[in-house]
Enquirer: 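Dropping the structure in here first, questions after.
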Amino acid sequence: MPEKPEPGMTILVKTVTRLTAWLILLYGIYIVLHGHISPGGGFAGGVIIALSFIHLMLAYGKEVVFRKLSKEMVELMESTGALVFLAIALLGLTTGYFFGNFLPAGEPFNLFSAGTIPLSNIAISFKVWAGLFAVFLALVLLRIDNVGE
Amino acid sequence: MSDPVVLLPCFVAVPLAAAFVNSLLGKRIHWLSDLLGSLTPLILLGLSLLAVQAVRADSVLVYQVGGWKLPIGIAMVMDGLTSFMLVTVNMVTFAIAVYARDYMERYTSKEMFYTLFLLMLAGMNGVIVSGDLFNLFVFLEIAAVASYALVAFGTERHELEAAFKYAVMGTVGSLFILLGIVFLYSVTSTLNMADMGQMLAKQKDTNLILMVSVLFLMGFGLKAALVPFHAWLPDAHPSAPAPISAMLSGVLIKTLGIYALSRIFFNVIGLTPAVSSILMFLGTLSMVVGVLLAIGQRDLKRLLAYSSISQIGYVVLGIGLATPLGILGGLLHLFNHSVFKALLFLNSGALEYATGTRDLEAMGGLRKKMPVTSTTSFVASMSIAGMPPFGGFWSKLLIIMAAVQAGHLGYALWAVIVSVLTLALFARVIKNAFLGNLDDRWQGVREVPAFMQASMMALAFICLVSGTLLIPGIREVFLNQATEIFVKGSDYSILILGNI
Amino acid sequence: MVELYFLLVFMIIGSVGALQAKDLLSSVVALGAVGLGLCLTFLILKAPDVAITQLVVEILSIIILIRATLRKDLPEVPTGGWMFPSAMGVGFAVILLLVALKCFPDLPVFGEPKLRVAQHYLDSGLQETGAANLVASVILDYRAYDTLGEATVLLTAVMGVLAVVRKVGRKKPDQPEEQTDA
Amino acid sequence: MIYLLCLVLFCVGIYGLLSKRNIIKMIVGLIIAEHAVNLFFILVAYRRNGRAPILAPDVAITQMVDPLPQALVLTAIVIGLATTALLVALAIRIYGKYGTYDIAKIRELRG
């Protein structure tokens, strides 16, 4: 895509995107939260959330997305996600083992069950979407900067 | 810390935590990444020395991650070989990290460098302590991906190209390894290495084992840069920043390549005579081809890279002989090579730092201007060439003796010839770089900063004294325990499964 | 299992197409088709978790690859004078397939895996972890350590990408630029 | 044999990697080979007339496929994505420096 005077695509695409991006985002969150009951999980959900942001960005141009969250913010979230996951692992030491499951297993088939698994899913999803979005941002920015080279 | 088993997860958790914290805060607090980068390998070195102590008392420690019983969960294993590798890796890494503190000032985004560096360290430690085949693969990928990025850290054109080549070949290697793991899983239906070893002990010499051996040989051979698969190394090593070349040559190819290869062949699949002779052949081939290619080089780092291939050949030959003496020699040479090749790459980095060139023909007479660099590089060159008082002599001697003892006179002869060629090679390096008349261009050259000097001196000291590892008393603690693990072969699984 | 064979043949044809396509964009699109076929295959093989992940990962990697190819008119270079690597590739494939053919009888028959360790997950996964999705219980509880490693690989790659795309790698040295790439 | 077809796919990927001299084509070949390995893992886990390894409150556990390889493949897919991202970043940078994706031309251009 060469740079256009007006960022983003046509009004039609923008209107549709406004609806679908949120749906995709919600679906991603659903996948993350239900990872221990139904197919999916932190990784798939995280990628879907990242895709919803990428979707927004492709339609509206990068400025709109940058107004909502900066690149530093994204990198920060990624490291935080990784640290939270490691912290869950270390908290497992309270049961005597690295990665011990320190929460009660709970009632099966409920949303709040399976000990640390949902927590880990959330931590991973944060990490994944932030990380992949950072990659995408890096590659997009690179292309625009490199035109003159 | 009453139970030494708790040591095991620390080897992975400490560098990972340091890397995450560094990526989080390194940009804002500038001294933090320097501190974390050097302190973490130091802590790990201390821990690994504790581990040597613990292994001596207990011989094998098994840590079951998450508290799941062994074939079900992932196991971490600490035995003589593990502690040997941990000491080697963390010691060399510590010296390199101290060196990188000043050297990397020349590059931008130093905190990113340290994050990747720590991740690579975490990956290598993870590979070493892992007792689970797939887990080994995952940590191998961490170290490998970090190294791809680090090779390209300078983002010059040839660096990017070398990194791309390295990344493609490394990924192909990983795919072969993964395919091998799939085959093994489908027959044994387990991933724990000890459990798998026990299952496979019943069915040796089937076609499946042949297939898996071929896949692993190609995969780990690519990682270790054995000769038919060495094409990436002479590009990747010179392109990386000097501390990373030292890491790649010093420890990475040994951990990901040789350690993993020999662990799987000796303790999981069980070494068949065919594989053993292939290893010896590939080792000798790498030895000869590497040194021949090194002779023609003018670029110092490229020369060192080719010589790495040659020295790796010695290690593989020693381990491939599969006699206790050969393995002992191979392991000692692995240790020695980590130290002196890391030192040589740091020297070349110091030369580049001071003069801005790596061309041997352009240098000369730098002895007066850079006394520390020239002395340490003299020590390292003599050690790599196998001159008597230095460490390299003893390990080469052991390997040659073992080859003679096992009746492989041809291989022993080649080892001697290559040793002589190496001496000639490094004599030329010393002569061109440090002796002779000082060119007017280099009048303004100064010795490198103090931290870089300190780390080079420390490594040179280890080069001098590493022969003492063979003295009875010290040898029992360190080398013999590692050798034993190989000699035990498939009995390793009984040792581990009996020790839960 | 006819559809399985059908899908596999489709994937092979698709990948040959992806490799032989004249321009890069259609090559990447053909790769997307192969990924979609793989995703369907995973579904048929009763691996819904993997299928979902494969689908979204495929989308993302295709987007990234398209970013790389969209740039300009990228004429595909004819591969003449490139015989040796092709021969090497064919030779490698033939050897690998021959050895593989010999070793297939040693593998368990398709559709009857051995299930030694896995039987434990199936039997007691629910009681021990409380997760109904056994795959989730394996990746986040029994083998959570692997997942830590996996998350770290991703972090490493992100850091690597960020490091690689820096515009200036070296600070401008105060001495002459090195010219060592001889 | 279904396994053989899967390995053919792997070989197609490796062949593409070896014989193509366009960087993007090489990455494509690599991704295909990765797909093949992942597929092989899932094939190994399959049980004839099996069910997906997800429990429901009212169904007994019978004939489930092996969940372990699925978990491993999830890991492998993410690792593959990570590697691909890094490779593409390198490729774009190389394009920026050399102005071509042709590896032979890049070699000629070198120093």
Side-chain angles (χ1 to χ4, degrees), chain B residues 12 16 19-20 23 65-66 68 71-74 105-109 112-113 115-116 119 122-123 126 132 134-135 138-139 141-142 145-146 148-150 152-156 158-160 163 183 186-192 195 203 206-208 210-211 214 298-299 352 355-359, chain C residues 92 95-96 99-108 110 113-121 124-125 128-129 138 141-182:
Chain B
V12 178
L16 279 186
F20 295 161
S23 71
V65 182
W68 303 108
I72 293 162
I74 298 176
E105 284 299 328
R106 290 283 169 88
Y107 291 78
T108 53
S109 309
M112 220 176 242
F113 168 81
T115 305
L116 286 167
L119 286 169
D132 186 279
F134 191 77
N135 191 246
V138 171
F139 277 87
E141 278 293 287
I142 295 177
V145 170
Y148 306 150
L150 282 170
F153 202 74
T155 66
E156 298 287 322
H158 59 277
E159 286 163 352
L160 292 167
F183 273 103
S186 71
V187 216
T188 59
S189 184
T190 180
L191 284 164
N192 185 276
D195 200 19
Q203 39 174 336
T206 53
N207 285 326
L208 186 102
L210 176 75
M211 175 86 184
V214 169
R298 279 180 62 172
D299 182 346
E352 193 183 347
T355 66
T357 182
R358 297 191 314 233
D359 188 350
Chain C
F92 166 82
I95 292 173
L96 187 80
V99 179
L101 259 185
K102 274 178 80 178
C103 89
F104 280 145
D106 293 343
L107 286 179
F110 175 64
K114 277 203 166 161
L115 290 180
R116 261 178 79 241
V117 174
Q119 198 59 50
H120 177 88
Y121 298 143
S124 38
E128 285 180 358
T129 66
V138 172
D141 206 333
Y142 290 113
R143 297 184 68 89
Y145 180 44
D146 265 357
T147 309
L148 175 69
E150 172 193 11
T152 313
V153 174
L154 202 61
L155 179 96
T156 315
V158 172
M159 282 288 145
V161 170
L162 292 180
V164 165
V165 300
R166 286 173 312 148
K167 252 185 290 177
V168 186
R170 293 165 201 268
K171 290 178 184 165
K172 280 285 165 259
D174 33 11
Q175 59 260 63
E177 191 77 23
E178 52 152 331
Q179 327 123 356
T180 48
D181 192 28

Enquirer: Given a strict heavy-atom distance threshold of 4.5 Å, which part of Leu150(B) is in contact with chain C: side chain, backbone, both, or neither?
Expert: neither
Enquirer: What distance separates Glu150(C) CD from Ile142(B) CD1, expressed to the nearest 0.5 Å?
Expert: 10.0 Å
Enquirer: Closest approach of Ala149(B) and Gly160(C), non-hydrogen atoms and distance?
Expert: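 Taking every non-hydrogen atom into account, CB-CA, 3.4 Å.
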Enquirer: Distance from Leu191(B) atom CG to Arg143(C) atom CZ, nearest 0.5 Å?
Expert: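 Output value for this atom pair is 5.0 Å.
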Enquirer: Closest heavy-atom contact between Met112(B) and Ala163(C)?
Expert: SD-CA, 3.5 Å
Enquirer: Is Tyr145(C) close to Val138(B) at the side-chain level, that is, under 4.5 Å between some pair of heavy atoms?
Expert: no
Enquirer: Under a 4.5 Å heavy-atom cut-off, does chain C meet the side chain of Thr190(B), its backbone, both or neither?
Expert: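 Contact with chain C is through both the backbone and side chain of Thr190(B).
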Enquirer: Do the side chains of Thr152(C) and Phe20(B) get nearer than 4.5 Å, heavy atoms only?
Expert: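 A side-chain contact under 4.5 Å exists here.
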Enquirer: Is chain C contacted by the side chain of Met211(B), its backbone, both, or neither, given a heavy-atom distance below 4.5 Å?
Expert: both
Enquirer: To the nearest 0.5 Å, what is the distance between OG1 on Thr147(C) and CD1 on Ile74(B)?
Expert: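 CD1 of Ile74(B) is found 7.5 Å from OG1 of Thr147(C).
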Enquirer: Most heavy-atom pairs under 4.5 angstrom with chain C, which of Thr188(B), Asn135(B), Leu119(B)?
Expert: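 Of the candidates given, the most pairs with chain C belong to Asn135(B).
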Enquirer: Quick check on the interface: out of Asn192(B), Asp132(B), Val214(B), who has the most heavy-atom pairs with chain C under 4.5 Å?
Expert: Asp132(B)
